[in-house]
Amino acid sequence: QVQLVESGGGLVQAGDSLRLSCAASGRTFSLYAMGWFRQAPGKEREFVAAISYSGRNTYYANSVKGRFTISRDNAKNTVYLQMNSLKPEDTAVYYCAQGTKGHVDLDSAQRAMMPYWGQGTQVTVSS
């Protein structure tokens, strides 16, 4: 029943910015924690950022701290990932995912164990 659709990816130069969006279907979006993940060719899917149901608590991978910001607008059923100071190593397919409760389960998120996923959006950063 849950449907997640990512958008906003593209090809940019190192140092540029992008904002990804994830639009969710369903009346209970505001009840669940959300996360962003990414997967580069030949690599495991990795945790990027997560946000609690209210937006009060946010979590980031060390590799993106200080550069990326996760946020949500529950009235629009949308979660965002603002990506600044992009680096070539940020190149990957970025996926949006919905958790099973309102608070972030960081252990599950770091293992990319989420029940609902979007189709992904490609982000390519040139050097």
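The analysis underlying the following values was restricted to heavy atoms, covering all of them including side chains, and did not include hydrogens, waters or symmetry mates. Nothing here was measured: the structure is a model prediction, and the numbers come from that model.
Below 30°, between 30° and 60°, or above 60°: for F68 and Y94 the angle between ring planes is between 30° and 60°, a tilted geometry.
Heavy atoms of other residues, nucleotides or ligands lying less than 6.0 angstrom from OH of Y59 number more than 12. Counted within 6.0 Å of CD on Q119, heavy atoms from surrounding residues, nucleotides or ligands total 12 or fewer; the atom is thus considered open.
The two residues S71 and V79 come nearest to each other via the heavy atoms O-CG2, 3.1 Å. Here the closest non-hydrogen pair linking S17 and N84 is OG-OD1, 2.9 Å. Across every non-hydrogen atom of P115 and T100, the tightest pair is CG-CG2, 3.5 Å. Among all heavy-atom pairs drawn from L81 and A49, the shortest one is CD1-CB, 4.2 Å. Heavy-atom minimum distance, A92 versus A40: CB-N, 3.8 Å. Minimum heavy-atom separation, N77 to S25: ND2-C, 4.5 Å.
Listed by chain and residue number, H103 satisfy the ring-ring contact (aromatic ring centres under 6.0 Å, His included) test with Y53 (two or more places apart in sequence, or in another chain).
E6 places a side-chain N or O within donor-acceptor distance of the main-chain N or O of C96, the cut-off being under 3.5 Å. Looking only at distances, no side-chain donor or acceptor of S30 sits under 3.5 Å from a matching main-chain atom of N74.
The shortest side-chain heavy-atom distance between Q98 and L4 falls under the 4.5 Å cut-off. When side chains are defined from C-beta on, S63 counts as touching R38, because their heavy atoms get closer than 4.5 Å.
For the atom pair OG1 of T124 and CG of L86, the computed distance is 10.5 Å after rounding to the nearest 0.5 Å. In this structure, D16 CG and M83 CE are separated by 11.0 Å, a value rounded to the nearest 0.5 Å.
Criterion: ILVMFWY side-chain heavy atoms under 4.5 Å apart, direct or through other members. Under it, V93 and F37 are part of a common hydrophobic cluster. V125 and Y60 end up in the same hydrophobic cluster when Ile, Leu, Val, Met, Phe, Trp and Tyr side chains are linked at under 4.5 Å. In terms of hydrophobic clustering, with Ile, Leu, Val, Met, Phe, Trp and Tyr side chains grouped at heavy-atom distances under 4.5 Å, L18 and W36 are assigned to a common cluster. Under a hydrophobic-cluster definition in which Ile, Leu, Val, Met, Phe, Trp and Tyr are linked whenever side-chain heavy atoms come within less than 4.5 Å, directly or via other members, F47 and M34 are assigned to different clusters. Tracing side-chain contacts under 4.5 Å through hydrophobic residues (I, L, V, M, F, W, Y), one never reaches W117 starting from V123; they form parts of separate clusters.
Legend: salt bridge (Lys or Arg N to Asp or Glu O under 4.0 Å) pairs involving residues 93-107, not counting sequence neighbours, sorted by first then second residue: D107-R111.
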